[in-house]
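Some notes on the structure that comes next.
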Amino acid sequence: MKPFYIFNTLSRNVEQFRPGHPPTVTYYSCGPTVYLPQHLGNMRAYVFVDTLKRALRFNGFQVHHVMNITDVGHMTSDADGGEDKIEKTARAEHKTPQEVADFYIAQFKRDCARLNIELPQPPMLCRATDHIGDMIDLIKRILDRGLAYVTPSGVYFDVEKWRGPSQLGRLSRQSLAEQDAGQRLEHSPDKKSPHDFALWVLNQPNHLMQWDSPWGRGYPGWHIECSAMSMKYLGPTLDIHSGGLDHIPVHHENEIAQSEAATGRPFVRYFVHNAFLVGMEGVKISKSAGKFPVLDDLTDEGLNPLAFRLLCFGAKYRSELAFSLEAVRAAQRNLDYLLEFVRNLGGEAVDTVDDSGWVSAYAERFHEAINNDLNTPQALACTLEMVAESYRRRDFRVWNTLRRFDTLLGLNLEQFLQQTREAIFPAEILRLRDEREQARRARDFDRADQLRRELEARGYQIRDSKTGSVLMPKRVAP
RNA sequence: GGCGGCGUACCCAAGUGGCUAAGGGAGAGGUCUGCAAAACCUCGAUGCAGCGGUUCGAAUCCGCUCGCCGCCUCCA
């Protein structure tokens, strides 16, 4: 078994991955906040989560994955620090917060499905509002240990008491004193230290979403949901916790603090953070200025959602990826190339033959790339090169390896192969095909070309070869 | 003010001390083809923002300069 290496933000190093209880891996990833559509930058993060999960399985691990859905905004303590975003949307759209959340959750799930991102099943895909009780219990435990205190404006985590100030900042490598230098917000006078953060917020009567608690009516603080839900389903110590780079300095720092304060045990073994999708400003597909593109913008352009998935593989998860329509189109070309190859396999008895010997070198390379901190660009290059060599050799005995690659890439190649084999064309289309064949045989090429254009207008493509004409749906998915 | 990151061909991007700097897109030429498509072949950075340094050897390490960005406040 090959060792799997991953960059751990805790050590700022690529480390060999060793879960606490192999082959089980407990994995918690930060999920969506559902008051707006998830834009493509968000979706890149979920493609990354999915890829990490697949990579772990590729290596024989059994992944227990939990993802949260934040359906309550996390406001901190500032009196006028802002409105809960879900509530804001709810007011704007004249809906209840629940309705807003449900709407965007459905959209999120749909987009994930289109990108072939496998989400956990409930309860492992968990909503914050379903776990208020768990959060309250966790806060109680922190209070019992004397590491939090109750004030009129809320329950705060006591950073000073928790093993001293130097502990906070471990992830961001920024001491509290350094953070102070640029403080821009006013702090609640109830806080003992400006770094203390809210576990439970009280006396904010304007908020629509409120729950009873031992300390009074209010709502949970910003970070507590992740601690409560992750530990509820996965235990006090997680093997992996992932999220966006932006979460390092505050959210994850505080999560560590409050979780370890409650349990006295290490919270996370491997923190993994993904970089952003950037360069969206110049992209014309934005429906309005300042609005980030969403998956629908790509499908509107006739692009396959899986092309976006493939685009994500073009850069390492820890590198920013410059987004543009041109880049997605390039990815679409790669996707077409692979699908075309699979289509060509359709006629062969690919499932029943062993792969050729030369293929194993690619399998080796692929696995190594993946295990090297998820080097998807190299894994992708390896895949494309293998296909090219297959064409060159006219030796198509590579399907078992390719399909194995696809358990990682998630491009649905197997499903595509089945569809290709089972493709059923409407009688009308077959009639046009036959008519065109007759025209070709009669060397009436004007008529043949006209019929081809007609087929294309109906979404079908025809390709001539020595062995005959092949009919197929146009490749770009709607 | 602090912390962190980035700058590799027209575009996306891997590579972080040592074979000819992956791969893809776009482009050029060619093979095949009634046409088209697909596929295949060939070409493409003597150079990795700039300057200096360390080293037998650097895109890769160090320093400075220029440019860009993220975070410290909701944010993947």
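Below, all heavy atoms of this structure are taken into account, side chains as well, without hydrogens, waters or symmetry copies. Residue numbers start from 1 in every chain, and the chains themselves are labelled A, B, ... in the order their sequence lines are given, proteins ahead of strands.
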Starting the side chain at C-beta, find the nucleotide from [options] nearest to [X].
X	options	answer
A:Phe276	B:G70, B:G25, B:G23	B:G70
A:Asn334	B:C75, B:G24, B:A14	B:G24
A:Ala327	B:C12, B:A13, B:A76	B:C12
A:His247	B:G23, B:G34, B:A76	B:A76
A:Ala388	B:G23, B:G25, B:C40	B:C40
A:Glu385	B:A76, B:C75, B:G23	B:G23
A:Arg440	B:A38, B:G34, B:G24	B:G34
A:Lys316	B:G70, B:G15, B:C40	B:G15
A:Arg12	B:A76, B:G34, B:G4	B:G4
A:Ala330	B:G25, B:C69, B:A13	B:G25

Phosphate OP1/OP2 of [N]: any [X] side-chain N/O under 4.0 Å:
X	N	answer
A:Tyr337	B:G23	no
A:Ser319	B:A13	no
A:Arg333	B:C11	no
A:Asn344	B:A38	no

Once you apply the 3.5 Å cut-off to both distances, tell me the Watson-Crick or G-U wobble partner of [N], or none.
N	result
B:C3	B:G70
B:G63	B:C51
B:C19	none
B:C75	none
B:A13	none
B:A39	B:U31

So what does [X] hit on the nucleic acid, given a heavy-atom distance under 4.0 Å: a base, only sugar-phosphate, or nothing?
X	value
A:Gln38	nothing
A:Ala381	base
A:Tyr391	sugar-phosphate
A:Leu380	nothing
A:Arg329	nothing

### Query
In terms of side-chain geometry, is the basic nitrogen of A:Glu389 or A:Arg393 positioned less than 4.0 Å from the acidic oxygen of its partner?
yes

Please measure how far the [atom1] atom in [N] lies from the corresponding atom in [M], and state the result in whole Å.
N	M	atom1	value
B:C10	B:A36	C1'	28 Å
B:C66	B:A28	P	41 Å
B:U16	B:G7	C1'	15 Å
B:C61	B:G18	C1'	14 Å
B:C43	B:U55	C1'	36 Å
B:C3	B:A59	P	30 Å
B:G23	B:U8	C1'	14 Å

### Output field: ring centroids A:Tyr104/A:Tyr35 closer than 6.0 Å
no

Examine the side chains of [X] and [Y] and answer whether a donor and an acceptor come within less than 3.5 Å of each other.
X	Y	answer
A:Asn254	A:Trp222	no
A:Gln38	A:Asp111	no
A:Glu255	A:His241	yes

#### Entry: Cation-pi, A:Phe58 ring and A:Arg404 (6.0 angstrom, 45 degrees)
yes

#### Entry: A:Arg318 NZ/CZ over A:Phe7 ring centroid, <6.0 Å and within 45° of normal
yes

Find the distance [X]:[atom1] to [N]:[atom2] and express it as a whole number of Å.
X	N	atom1	atom2	result
A:Asp444	B:C35	CG	P	16 Å
A:Leu455	B:A36	CG	C1'	13 Å
A:Asn372	B:G23	CG	P	18 Å
A:His251	B:C3	NE2	P	24 Å

### Message
I'd like to know if A:Arg452 reaches the base of B:A36 with its side chain, counting only an N/O donor and acceptor under 3.5 Å.
### Response
yes

### Message
Please compare A:Cys382 and A:Gly31 by the position of their nearest nucleotide in RNA chain B and report the one closer to 5'.
### Response
A:Cys382

### Along RNA chain B (nearest heavy atom to each residue), the more 5'-positioned of A:Asp246 and A:Arg436
A:Arg436

### Task
Begin with the C-alpha distance, continue with both residues' side-chain angles, and end with the deciding distance and a verdict on ring-ring contact (aromatic ring centres under 6.0 Å, His included) for A:Phe405 and A:Tyr362.
CA-CA 10 Å; A:Phe405 289 1; A:Tyr362 288 98; 8.1 Å; no

